[in-house]
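Sequence lines set the chain letters: A, B, ... in the order given, protein chains first and strands last, and positions in each chain run from 1.
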Amino acid sequence: MEERSIPSKFRELEQLDTETLKELIRTDCFTEDLDEECVRYALRIISSRERPQSDRTQGVDDAWRRFQEKYCTPEGEGQSLYDSTPQLEQSEEALPRKRYYLRRLPRKVAVVAAVICTLFATMLAAQAAGIDLWGVIVQWSEETFRFTYQGDNPSSSWMEGSQELEGMELKDYLPAWIPDGYMAENVQTYETQEQSTAIVTFSGENLSTFYLRADVYGDMEQMQYATFEKDDTPVQEQQLSNGGVAYFYTNGGDEQSVFRYQNVICFVSGDISEETAVKIYESIGEGE
Amino acid sequence: MEPEQDRFLEALFGGYYYDLLSYARVCLGSSDLAEDMVQDTFHEATNQVDRLLEHPYPSRWLMKTLKFKICNYTRIQKRHRKYLVECLDLTVFPSEESVEQLVLMKEEQPLFQRLRKVLEEEEISFLVDATFKNYSHSQLAEKYGLTVWASAKRLSRIRGKLLVGFPEHRQRKNR
């Protein structure tokens, strides 16, 4: 590439040291857009100081070859390695959804559910008559997404030791349906003072793994301390046929979903379409 | 791709590769990451070549796309590093030189043992390379015998497993 003389308005750039020029470039990238020409000439100056001109042509040829061999392959068609937010004139298009062929439910989920029920029996809450237990609203900002409890303050009488616990069992919060070919490969459980968590790994031969996590809250007030990170795209809300609500949002470009059903928050994550996630969420509570 | 589109892209590549590479190097501080991101920018151009052929300023589109990639990467990488530091119960962000030693020191500790239940050993190594050593997908692909696209998918899958396995760090508690 031939040398071009620098326009007089940018001559002062030549007086700056390399580190200052680099700081200018970083400002353009991370803080505010600077004059395009100015940035271009700053780059030229940096390059001329750091790399000899004679390398460039060969370097470009080698780079083009690498591009053809490693990046511009059928495997990468329609994909990106690094996320780029909407371009100059792009409107809000939906990303292409992955489609999976949906079939029937295997029986192993029931076995898994029985195991978890035993583990979580002490965390289940009694439903007291006359109290709005499910007075939860959702709030989101540009950065986060959370549930806020709006009902009466649930008292510790929910968990009185001498009282036999009644009401929903945990199996009612697990899906009655998962895509065909999948099995529950692994179950992990955690307990904290506020909640109990079950994480079920579903896998199948030649199928992508996905995960279901259910957080059961013994105290509705604790649900509002759960905050989910999101980016500044809007949250999509969908009422489901089982009375629960599913929320779809993105975080750092990754699609996420959250499902709230009474005192349980569920997540399905992994390489799974929104449609499939909805079907899974909708099957929660079918065992009631 | 049509021959005209091919010629257009090659001309664009020849004309702007070095400017974009210099820009990315300055912003990222890594030649490998810069190359990866610039190549990915041109790859994205192949996905939108029809639009670019009509675009009055394709070089601006390239630069803007690259900037978005750099900014998103920087922001997301910071979040992932913080998240992994919390998962490993480290008190400082390890430098590239110290990360192996720090990870080795954590081997016997409960949180690391828990990490081992969630991820395979090679997955932990992959994640540490991507998150603490800032390896590009090209570097990861070379080290682990993958294509760059398989590397991206693997990283996404590993991070998904981590988010599920460490729920207390996924949810920020506002108290």
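- Between B:F68 and A:D83 the shortest side-chain heavy-atom distance does not fall below 4.5 Å.
- The aromatic rings of B:Y73 and A:Y82 sit perpendicular, their planes meeting at an angle over 60°, well past the 30° parallel limit.
- Proximity to chain A is absent for every atom of B:R159, based on heavy atoms less than 4.5 angstrom apart.
- Side-chain N/O atoms of A:K70 and B:S138 include a donor and acceptor closer than 3.5 Å.
- The CD atom of A:E36 sits 4.5 Å away from atom CZ of B:R60, with the distance rounded to the nearest 0.5 Å.
- Side-chain contact check for A:R40 versus B:M63: every heavy-atom pair is 4.5 Å or farther apart.
- Contact of B:S156 with chain A is not made at all, since no heavy-atom distance falls under 4.5 Å.
- Side-chain N or O atoms of B:D40 include none that pairs as donor or acceptor with a backbone N or O of A:S80 at under 3.5 Å.
- The NZ atom of A:K22 sits 11.0 Å away from atom SG of B:C27, with the distance rounded to the nearest 0.5 Å.
- At a threshold of 4.5 Å between non-hydrogen side-chain atoms, the residues B:D19 and A:R44 count as touching.
- Within the 4.5 Å cutoff, the side chain of B:S22 has no heavy atoms near those of the A:I46 side chain.
- Surrounding CD of B:E123 are more than 12 heavy atoms belonging to other residues, nucleotides or ligands, all under 6.0 Å away.
- Side-chain contact between A:Y71 and B:D36: present, with at least one pair of heavy atoms (C-beta onward) separated by less than 4.5 Å.
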Given side-chain contact (heavy atoms from CB on, under 4.5 Å), test B:T147 with A:T73 step by step and report yes or no. CA-CA 10 Å; B:T147 64; A:T73 59; over 6 Å; no
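- Looking at every heavy atom in both residues, A:C29 comes nearest to B:I70 through SG-CG2, 3.7 Å.
- Residue contact with chain A, scored on non-hydrogen atoms closer than 4.5 Å, involves the backbone and the side chain of B:A150 alike.
- Contact annotation for A:D61: neither backbone nor side-chain heavy atoms come within less than 4.5 Å of a heavy atom of chain B.
- With rounding to the nearest 0.5 Å, the separation of NZ in B:K69 from OG in A:S84 is 4.0 Å.
- Within a 6.0 Å sphere centred on CD of A:E19, heavy atoms belonging to other residues, nucleotides or ligands number more than 12.
- Using a 4.5 Å heavy-atom cutoff, the side chains of A:S47 and B:Y18 are not in contact.
- Only the side chain of B:Y17 comes within contact range of chain A, with at least one heavy atom under 4.5 Å from a heavy atom of that chain.
- Ranked by heavy-atom pairs shorter than 4.5 Å toward chain B, the options A:R26, A:E77, A:E75 are led by A:E75.
- In this structure, NZ in B:K153 is found 5.5 Å from CD in A:Q79, a value given to the nearest 0.5 Å.
- Taken from CZ in B:R157 to OG in A:S208, the straight-line distance is 8.0 Å, to the nearest 0.5 Å.
- The closest side-chain heavy-atom distance from B:V164 to A:F267 is not below 4.5 Å.
- The line from CG of A:L81 to OG of B:S136 is 9.5 Å long, rounded to the nearest 0.5 Å.
- Residues B:F13 and A:F67 bring their aromatic ring centres within 6.0 Å.
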